[in-house]
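Proteins get letters first, then strands, A, B, ... in listed order; numbering begins at 1 in each. These numbers come from the heavy atoms of this one structure, side chains and all, not from hydrogens, waters or symmetry mates.
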Amino acid sequence: MIKMTIYRKRSLWGFLFALPAILFFILFAYYPMISAARLSLYDWNLVSPPQFVGLDNYTYIFQDGRFQKALVNTFKFVGTYAVPMWIVALSMALLFTQDFRGRGLFRTLYFVPIILSETVISIVWRLLFHPQGAVNAIISPFTGGQTIPWLTDGNYAFIALVIVAIWRVFGYYMIIFISGLQNIPQEYYDAARVDGGNRIQVFRFVTMPLLLPTTVFVVIISLLNGFQAFVYQYLITRGGPNDSTNVLGYLIYQEAFTNLNMGRAAAISLVLFAILVTLTFIQLYLIRRREV
Amino acid sequence: MRMKHRVGIVLVVVFLVAMSVTGISAQDNLVIKYWSHDSTPRIPIDRDMIARFEADHPGVTVEYTVGPGDDPLYVEQLLTALAGGEGPDCFNVVATRVPDLVPSGAVVPVDFAAMGYASQDELIDVYIDGTLGTFISNDTLYAVPTEVGNYALFINNDLFEAAGLDPVEDAPTTWEELVELAPALTIRDGNGNITQRAFDFAYPIPDEIVSGRVTYAGMAYQLGSTYFNEDFSAGTVNTEGWVKTYEFMRDYAAEFGGPALTPSSIGFYEGNVAMVVSGAWYLPYIQEQNPDLTDNISAAPLPRFADAVNDTGSMLFAYGIYTSSQATPEAQTACWQLVSYLTSTEAAERYLTDVLTLQPRKDLAANSELMDGNFVSIFLEDMAGNAFLPAVPGGGSLPGILTRALERVLLEGMDAQESLNLANDEINQFLAG
């Protein structure tokens with residue numbers, strides 16, 4: 001009985017300590033989420049009273065060509081940004097765990113973009129991708145002097161945004177991979193070499209399995225960030241030309257604040273939420289299965 | 001104990017006195033919040049007129065907030081603030097968003113009495129006929145204009161003269177003439193890249209500050225096409241006038257310019273575009289960016305199509321001051337009194353001379369001393385008979401629909417008719433709700 005009381009007291013204290021965080025989440029995460037779900041059932045233009053429309057907003061968006069295009073673009077963007085970024089970040093991490101002169105300096109330089117504001121980055125890259133900008137100047141020997149319309153051709157604009165996104169974050173994920181690599185005990189490598197493993201085999205059978213928790217973290221976080229892409233689409237291309245770079249994150253903004261369809265915007269955001277939750281559960285399931 | 005009581009009583013008395021003093025000042029001093037979109041050269045004039053209003057109305061203070069010059073961004077901030085109950089008491093906004101505000105009851109009708117007029121008709125009579133139409137809903141006036149504008153042709157005199165042309169005599173009067181002039185004013189480098197453009201449209205690309213649709217909707221209107229049918233039940237942007245306009249823009253861009261180049265409004269003040277289309281407000285803007293160019297610029301009416309059925313220039317756009325229904329009755333009255341200062345003859349004259357922005361007052365248009373030879377007079381003359389950009393509920397999506405249609409034609413090579421059919425479907429979809 002006495003033990004129970006102490007347990008209860010401890011539980012109460014634990015709860016009280018956690019309370020600010022719980023309140024924070026309820027107020028700034030769960031309440032907006034529930035509000036968005038409710039709003040998705042209404043027609044609301046910000047200034048008129050909301051009108052209940054049931055599932056009309058969902059019916060509309062699933063028939064809407066712009067939503068379908070943005071959905072495809074979102075997956076395309078995540079695919080073309082995330083996979084190359086993992087490869088670059090891991091390759092650079094493997095390189096920077098080697099011992100060579102200037103290693104610290106280069107690590108810092110590659111990390112710098114992540115601390116820069118995305119707004120600043122967008123403005124700078126817009127200038128770099130300008131027809132008479134640095135990117136065209138650098139590649140002009142390979143294009144015969146022809147300028148590449150980086151931001152006014154749908155295909156190039158998409159590639160341009162992928163380049164910017166990778167450039168900004170690979171240094172951050174590189175640092176995470178480095179910390180993961182440094183946590184792998186040297187003994188495993190020594191044992192593998194004693195057993196005659198070559199570099200590729202050591203990487204395949206020692207590094208990769210022991211780096212799995214780090215890799216999982218990088219994969220989940222980068223995919224979640226990729227699906228929520230917005231800033232570059234907003235500041236560099238405005239989703240254009242002809243919606244070729246539009247993604248769900250930016251379409252939500254356009255529906256809400258340009259078209260004043262708050263209900264449709266909420267419906268799209270719930271679809272995006274469902275995608276993210278599903279994706280996260282799939283990843284966690286695959287990881288647990290592998291661990292078992 | 002007694003001492004503690006005394007201290008307590010003294011503190012309570014001090015608190016009550018402080019509260020009552022604060023209460024008195026709060027009651028006596030009415031604060032009204034006025035928001036305006038950014039037009040940098042206009043701010044000093046607004047501040048002067050607000051200071052004069054405050055001097056004439058002791059006890060009323062105006063909190064003047066200037067929002068972004070980018071209209072969509074400003075409207076977004078404004079509507080979000082109004083939705084959150086934190087909006088301004090009165091605000092200046094582009095008239096195309098009115099149908100979202102009026103039916104929802106977010107704004108109140110103009111209080112003509114507070115502005116010093118005997119009736120709404122008397123107030124309307126101050127303005128040039130037809131220029132308030134966009135602010136009227138169900139015969140009720142909801143705003144007073146601070147600007148009614150259109151676009152005309154800006155010409156770089158030096159580039160014309162360098163090509164052996166006279167900027168006045170040789171200014172193109174038709175789009176077809178403009179195309180004929182283009183080769184003489186276009187310069188290319190050894191690789192065939194254009195280094196000087198004769199003319200270019202304002203394409204919907206980042207950094208372009210000029211709204212392209214004011215021009216190309218005006219071009220379609222010259223050929224008899226509008227956005228909607230008469231009862232606003234269906235879109236009409238797939239009609240011949242629009243198709244011909246988009247085809248003209250496509251053919252011109254393919255040979256002499258296009259959206260892959262620097263925005264034409266920037267190219268013009270940098271001195272490598274000979275002609276652009278913009279509003280009169282663009283001249284003070286050029287003065288800021290490249291003062292040397294300002295004296296070498298001419299204006300000409302917007303070219304017409306040779307087979308135009310309407311002898312009109314660009315579409316018209318307007319900004320007006322509205323008062324929020326969320327404001328207290330006292331604040332609403334004070335707002336309309338403030339509006340009478342911001343739209344007074346004196347303010348209108350200063351808007352015209354300092355900012356080249358036209359408040360469409362009859363007395364201003366009749367002031368030959370001000371208007372004769374004024375850069376704005378070209379724009380005023382080119383306004384007659386023009387239509388306003390359409391204002392319909394949810395109309396914020398219209399620019400995007402037409403932009404995407406244009407991009408499909410210019411950048412993806414889609415047939416203009418096919419692209420505009422898609423745009424019209426989108427318009428019909430949003431009209432259907």
Side-chain angles (χ1 to χ4, degrees), chain A residues 43-51 53 56-57 60 63-66 69 122-123 125-127 129-133 136 140 143-157 234-244 246 251 253-264, chain B residues 72-73 75-84 87 97 99-107 189-195 203-207 258-262 324-326 393-401 403-412 414 419 422 425-426 429-430 433:
Chain A
D43 178 15
W44 187 41
N45 72 352
L46 275 177
V47 282
S48 299
Q51 290 193 331
V53 292
D56 282 4
N57 288 324
Y60 179 92
Q63 290 170 351
D64 180 24
R66 293 193 71 207
K69 195 169 184 178
S122 300
I123 293 167
W125 275 98
R126 231 164 64 185
L127 293 172
F129 282 129
H130 187 274
Q132 276 85 48
N136 270 325
S140 67
T143 59
Q146 292 297 310
T147 54
I148 289 185
W150 282 105
L151 301 180
T152 47
D153 176 284
N155 294 323
Y156 285 117
Y234 175 55
L235 289 173
I236 299 180
T237 61
R238 292 184 190 163
N242 188 28
D243 279 342
S244 57
N246 206 354
L251 188 64
Y253 169 82
Q254 286 180 310
E255 279 295 344
F257 297 110
T258 306
N259 302 347
L260 299 181
N261 290 319
M262 302 306 287
R264 281 179 202 159
Chain B
L73 201 56
V75 170
E76 170 193 324
Q77 292 181 359
L78 178 67
L79 295 182
T80 311
L82 288 172
R97 302 316 291 263
D100 294 317
L101 295 169
V102 173
S104 61
V107 291
D189 66 13
N191 293 315
N193 295 322
I194 295 174
T195 55
Y203 302 105
I205 48 178
D207 298 329
L261 303 173
T262 307
S324 167
S325 58
Q326 293 172 359
S397 57
L398 272 179
I401 291 172
T403 293
R404 289 191 291 279
L406 186 61
E407 286 170 341
R408 287 192 291 265
V409 175
L410 289 180
L411 305 170
E412 296 177 3
M414 187 185 275
S419 179
L422 291 173
D425 289 345
E426 278 193 73
Q429 204 172 10
F430 104 75

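When each of B:Pro259, B:Gly84, B:Gly192 is scored by its heavy-atom pairs under 4.5 Å with chain A, the top score falls to B:Pro259. Listed options B:Gly105, B:Gly190, B:Ser397, B:Pro204 were ranked by heavy-atom pairs under 4.5 angstrom with chain A; first place goes to B:Ser397. Counting heavy-atom pairs closer than 4.5 Å to chain B, the top residue among A:Asn261, A:Asn259, A:Asp153 is A:Asn259.
In this structure, the separation between CD on B:Glu426 and CZ on A:Arg66 is 6.5 Å, given to the nearest 0.5 Å.
The contact between A:Ile236 and chain B is made entirely by backbone atoms, counting heavy-atom distances below 4.5 Å. Residue B:Thr403: no heavy atom, backbone or side chain, is found under 4.5 Å from chain A. Interface residue A:Trp44: only side-chain heavy atoms are found under 4.5 Å from chain B. Looking at B:Leu73, only its side chain comes within 4.5 Å of chain A, counting heavy atoms on both sides. Heavy atoms of B:Gln77 lying under 4.5 Å from chain A are absent altogether.
Between A:Leu46 and B:Thr80, the shortest heavy-atom contact is CD1-N, 4.0 Å.
A 6.0 Å sphere centred on OH of A:Tyr253 holds more than 12 heavy atoms belonging to other residues, nucleotides or ligands.
Within the 4.5 Å cutoff, no side-chain heavy atoms of B:Leu411 are placed close to those of A:Asn242.
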